[in-house]
Amino acid sequence: MKHDVANKQGIAPAEKVSLTEEGSPKEKGSIKEEDSLEASSASSIMELKHTDNSVTDKVIVVTGATSGIGLATAKELSGRGAFLICTGRSRERCDKAEAEIRKLYPEAKVIYLTADLSSLDDVALLGARIRELLASAGYDRLDVLINNAGTVSSWYVSTADGFELQFAVNHLAPFRLTFELLPLLAGSAEGTVIGLSSGSHYRTRLRWNDIMLRKHYNCLLAYKQTKLANVLFATELNRRLSAVGSTVRAFAVDPGLVNTDIGLKGTDGIVKKVWKIRSKGGTPAEQPARSIAYIVAEPCARKTGEVYWKDCSPLKPSRYSQRPDIAERLWEMSERMCRIRYDDIMQLQAGTVPDRAHG
Amino acid sequence: MKSMVLITGAAGGLGKAFAVECANRGWDLFLTDLSEQALQRLSSSLSSTYNIDVHYHCCDLTDFEARTELFEHIRSNGYRFNLLVNIAGLDFEGPFSERTRTQIRTILRLNIEANLEMTHEILKQRDPARTFRVINVASLAAYYPMPVKAMYASSKRFILDFSRALGEELRSLDVTVTALCPAGMPTTPECIKAIEAQGFAGRITTQNVGYVASHTIDKALAGKPLYIPGLLNRCLKALGALVPQSIVAKVVGSRWKAAQNKRKEMQPVIGTNAS
């Protein structure tokens, strides 16, 4: 009895140790309490776990989850009990990230797949592997797709498909992966597609006559364009989904300035130095991870009908990003580039879920 | 059948940039490179994105038989061309005494022999109704004796001189020949590493491949015999002509050795046309 009271009052760890050293009778209740105390002090994320909705029954895909916002998101959602399929480029980094998550949450249901998202063939293959994996685990649905992976490149680098690297990874890969997984997302009651956009989508437009900036490449300009494309994609996807009566919803999350190393990987010189200084002033990656988790876990986020979110609340995206003519043009161009037609699967969707179409 | 653009080394960094540039102009393409898979992926992507016809045939251009087979393939299909872009080329960087006999043979065969044979053959398959353009990728390295890259730089000198002479020779046949002499270009991770190892000098002499491809085509269409991308690089070329060759060789040699030491690993770089 004495022990229980002590634990409930949140006594310092030193005292707890002395209590156990006494060789007290180990009642089940007291051990449980000790565990939860230790766990909550181990991580600040855990403290908030109890105040937030759990996502225990959700199946979630997170791309680029070996570092930065992707890893923080995977940790956050693992802590809330989700079944996670994460992706990364290198097996080694994937294993490291998985170990990190398991250290925090030994019970985590997480699997890492490797894929190079700069290649559209690899993206399609990743989609097929996710479908197989879910089928073999007995799931006939996917609840959330988080298109987090993104890159920055100082130089104009063309991918195997002949596209500019940032455009391919930041825009075309999510466009293609969403297409691959949309039928599974339609099987969920609250299918959700979340893209990582950025405040850098404001005050820019798409350069139609040279959308990948081949002739006058500028790293930041190319980045801004892809982040604008992410908002355009989410908006247009919602419009098309609503048109066929699907309940799947797309969101774009603005992470704000975050202290990650995205600006260091494919860059050199000035870009690298500026990013090193800027990112120090940024928030830790846990903050956007919580924004993403909020959209995943809170049903009210869907009900608002808002597409662009920052710090767990909706924000107005740029006016350009809401222009339907621009969104449609980008959509059609992306379909040609990815050699896919969303109409093929969307019609099928409307046919397979007639109840929702009327509701 | 519409006449096409033939690009060698099309799956490499500069090759892809040229392929995209031509595709963007709505021209049909014939691509060749070593890897069937790389060509297949690039071709299907380009034909879908730009709504053009793309043909490809993989070929090891260092091999005489393989070249013969490629030419047979082109003849039997009756393909006609209005532009040939000779990009395929490689470099085995490092001290000459440490190169192998195979490396010596490969660099000569690809950078020189394949280029000449390809030009010779495709001239015969040119579209008679149109002006025929040839773009040969030489290098800024063609203007200097370059220790540690001696074979590469002199093979590019060969291409440069050959291009200028051929252009003059074929002028009356409505054929133009343009030699492209770029500095280093960030085409592969190895090339990017090499450029970054050169520090500031490497960065300011470097142009993006998309820019280079686009401008080179403009120059070729205007019938220019030579294009050196970048004002600074043109100045470097002029400087190379003013300063005695012995001094140029010394300066270039010490710079390259310093850059190499910085990279530590002395493994050969197999990147297309990095100077």
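Chain letters run A, B, ... following the sequence lines, proteins first and then strands; every chain starts at 1. Everything numeric here is computed off the predicted structure, so don't read it as measured data.
In the model, R339(A) has no side-chain atom that pairs as donor or acceptor with a side-chain atom of S45(B) under 3.5 Å. Donor-acceptor pairing under 3.5 Å is recorded for the side chains of N136(B) and S163(B). Side-chain atoms of S3(B) and D127(B) form a donor-acceptor pair, as typed in the model, at a separation below 3.5 Å. T151(A) and N170(A) share no donor-acceptor pair across their side chains, judged by distance under 3.5 Å alone. Using modelled atom types and a 3.5 Å distance limit, the side chains of D33(B) and S35(B) yield no donor-acceptor pair.
Residues D161(A) and K16(B) are not paired through a salt bridge, judged by the lack of any N-O separation under 4.0 Å between the basic side chain and the carboxylate.
Listed by first then second residue, pairs satisfying ring-ring contact (aromatic ring centres under 6.0 Å, His included) with a partner in residues 214-236 of chain B read Y211(B)-H215(B), not counting sequence neighbours. Residue pairs meeting the salt bridge (Lys or Arg N to Asp or Glu O under 4.0 Å) criterion with at least one partner in residues 37-50 of chain B, sequence neighbours excluded, are D121(A)-R41(B).
Taking non-hydrogen atoms and a 4.5 Å limit, the residue list of residues 322-338 of chain A in contact with chain B, ordered by number, reads R336(A), M337(A). Residues of residues 204-216 of chain A placed with any heavy atom under 4.5 Å of a heavy atom in chain B are listed by number as R214(A), K215(A), H216(A).
The parts of S44(B) that come within reach of chain A are both its backbone and its side chain, each placing non-hydrogen atoms under 4.5 angstrom from that chain. Of the two parts of E21(B), the backbone and the side chain both hold a non-hydrogen atom closer than 4.5 Å to a non-hydrogen atom of chain A. Both the backbone and the side chain of S48(B) come within contact range of chain A, judged by heavy atoms closer than 4.5 Å. At a 4.5 Å heavy-atom cutoff, the contact between N24(B) and chain A is made by side-chain atoms alone.
Ranked by non-hydrogen atom pairs under 4.5 Å with chain A, the options L42(B), T49(B), V20(B) are led by T49(B).
Around atom CZ of R89(A), no more than 12 heavy atoms belonging to other residues, nucleotides or ligands sit under 6.0 Å away.
Here the options are L31(B), L83(B), I74(B), L29(B), the test is side chain to side chain contact (heavy atoms under 4.5 Å, CB included), and the partner is L6(B); only I74(B) passes.
One distance of note links CZ of F175(A) with CZ of F167(A); it measures 10.0 Å at 0.5 Å rounding.
Residues F30(B) and Y56(B) keep their aromatic ring centres 6.0 Å or farther apart.
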